[in-house]
Q: 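Take this structure first; my questions come after.
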Amino acid sequence: MLDFRLVTFLTAAREGNFTKAGELLGLTQPAVTQHIHHLEELFGAQLFEKSGRGVQLTQAGEFLQHEGEILAVHSRQIRKELLNFEGGRRFFSLGATLTVGEFLLPRYLARYKQGHERRELNVTIENTFRCLELLQKGKIDLAVIEGPFDSSRFLHEPFLFDELLFITAADSLWARDRVVHEEKINTYPLVLRERGSGTREHFEQFLGRLGLHIDESSVVMEVGSLSAIKVLCESGLGCSVMSRHAVERELLLGSLSAIPFSSGILERQITFVYTEFSPMPFVGEFIGFCRDMHAEIAKAASR
């Protein structure tokens, strides 16, 4: 719904290069230049200036980019709402971080879908940074994340607490330790999630509060898959930090062991995050549903 020349401008602004913008949009470089010149004549202001092999925004260009991105979010929301009129169906997009998306959210989604058959839900699983980026761009309506974020930039509501466990193979030498002394964390071979993941961020912040940090030499591997990390730990490669939700099955089977931290339980907040452009009726309904179901699960577990 956006003017195609504004789309060209926003792409060029993000890439800092007319040729790359053209490749992404299927346009020639002269066509990109023509679109930009049209906007400059329309607004009476220069939007780009040359910078090395690329271009950079002028002050007027920065202003147009900011306002244009807001228009792009509105455009996507309007298109989505118009599609929702078709057949009475409702289309919504959720974002979830890896632990939440793989081990926590599915049971909620299954129950929600049973009571809302005409709702179409698309779920994107990414790390915290990427979920927030998609949310800002209006590509998802609501994110359920486990990582730290700038709460001043988003609307947010708490969901539940999640415990992080220090895990290793049940038959490994490290499993014999009664507790993990945080000041000795770098004596363990660590298999960790990539930077930008909620689990990694919480673990590093936890150590930071104790005046400690992870020595890169102690990280034997960084892996973006929780299932892969579990297999690597089970095989004896090292130790990791993971949500209790993610390792419940392995702990019950006895293939993994959890060693407590000497300073106590390490918990983090799972949070619903959205923006002022999110579809509020859906956001409020889904959050309320998840909270009610969580209360129901907690009540059943306490019996």
Q: Under 6.0 Å between the ring centres of Phe9 and Phe48?
A: yes
Q: Does the Thr58 side chain pair with the main chain of Leu47, one donor and one acceptor, at a distance under 3.5 Å?
A: yes
Q: Let me see the working for Glu133 and Arg130 under salt bridge (charged side-chain N to carboxylate O under 4.0 Å, His left out), right down to the final yes or no.
A: CA-CA 5 Å; Glu133 184 178 52; Arg130 180 62 176 155; 2.5 Å; yes
Q: Taking 4.0 angstrom as the limit, do Arg195 and Glu204 come out as a salt bridge?
A: yes
Q: Tell me whether Glu117 is salt-bridged to Lys113, with the criterion being a basic N under 4.0 Å from an acidic carboxylate O.
A: no
Q: Any side-chain donor-acceptor pair under 3.5 Å between Arg153 and Gln136?
A: yes
Q: Quickly, which of Glu201, Glu163, Glu146 forms a salt bridge (charged side-chain N to carboxylate O under 4.0 Å, His left out) with Arg268? Name it, please.
A: Glu146
Q: Between Glu182 (side chain) and Leu212 (backbone), is there a donor-acceptor pair under 3.5 Å?
A: no
Q: If every non-hydrogen atom of Ala246 is compared with every non-hydrogen atom of Lys230, which pair is closest and at what distance?
A: O-NZ, 2.8 Å
Q: In terms of hydrophobic clustering (I, L, V, M, F, W, Y; side-chain heavy atoms under 4.5 Å; direct or indirect links), are Phe129 and Val100 co-clustered?
A: no
Q: Rounded to the nearest 0.5 Å, what separation is found between the SG atom of Cys290 and the CZ atom of Arg107?
A: 11.5 Å
Q: Under a 4.5 Å side-chain heavy-atom rule over Ile, Leu, Val, Met, Phe, Trp and Tyr, are Leu266 and Phe103 clustered together?
A: no
Q: When you measure from the side chain of Asp177 to the backbone N and O of Pro260, does any donor-acceptor pair fall under 3.5 Å?
A: no
Q: Taking the six-membered ring for Trp, are the ring centroids of Phe4 and His35 within less than 6.0 Å of each other?
A: yes
Q: Look at the side chain of Asn186 and the backbone N and O of Asp215, then say whether any donor-acceptor pair between them is shorter than 3.5 Å.
A: yes
Q: Sub-3.5 Å donor-acceptor pair from the side chain of Ser243 to the main-chain atoms of His245, do we have one?
A: yes
Q: Measure centre to centre between the rings of Phe206 and Phe261, then say whether the value is under 6.0 Å.
A: yes
Q: Answer yes or no: are there more than 12 heavy-atom neighbours, outside Phe277 itself, under 6.0 Å from its atom CZ?
A: yes
Q: Which heavy atom of Ser197 sits nearest to which heavy atom of Asn127, and what is that distance?
A: CA-CB, 4.0 Å
Q: Could you pull out the closest heavy-atom pair between Met242 and Ile229, with the gap in Å?
A: CE-CG2, 3.4 Å
Q: Examine distances only and state if a side-chain atom of Glu126 and a backbone atom of Gly95 form a donor-acceptor pair shorter than 3.5 Å.
A: no
Q: Any side-chain heavy atom of Glu267 within less than 4.5 Å of one from Leu164?
A: no
Q: Look only at the side chain of Thr33 and the backbone of Gln29, and say whether a donor-acceptor pair between them is shorter than 3.5 Å.
A: yes
Q: Step by step, work out the salt bridge (charged side-chain N to carboxylate O under 4.0 Å, His left out) result for Glu296 and Arg111.
A: CA-CA 12 Å; Glu296 179 184 325; Arg111 177 86 69 84; 3.4 Å; yes
Q: Are Tyr108 and His294 close enough that their ring centres sit under 6.0 Å apart?
A: no
Q: So, taking the atom named CG in Leu256 and the one named CG in Leu165, what distance separates them when rounded to the nearest 0.5 Å?
A: 10.0 Å
Q: With rounding to the nearest 0.5 angstrom, report the CD to CG distance, Glu285 to Leu142.
A: 11.5 Å
Q: Would you check if the distance from the ring center of Phe154 to the ring center of Tyr274 is below 6.0 Å?
A: no
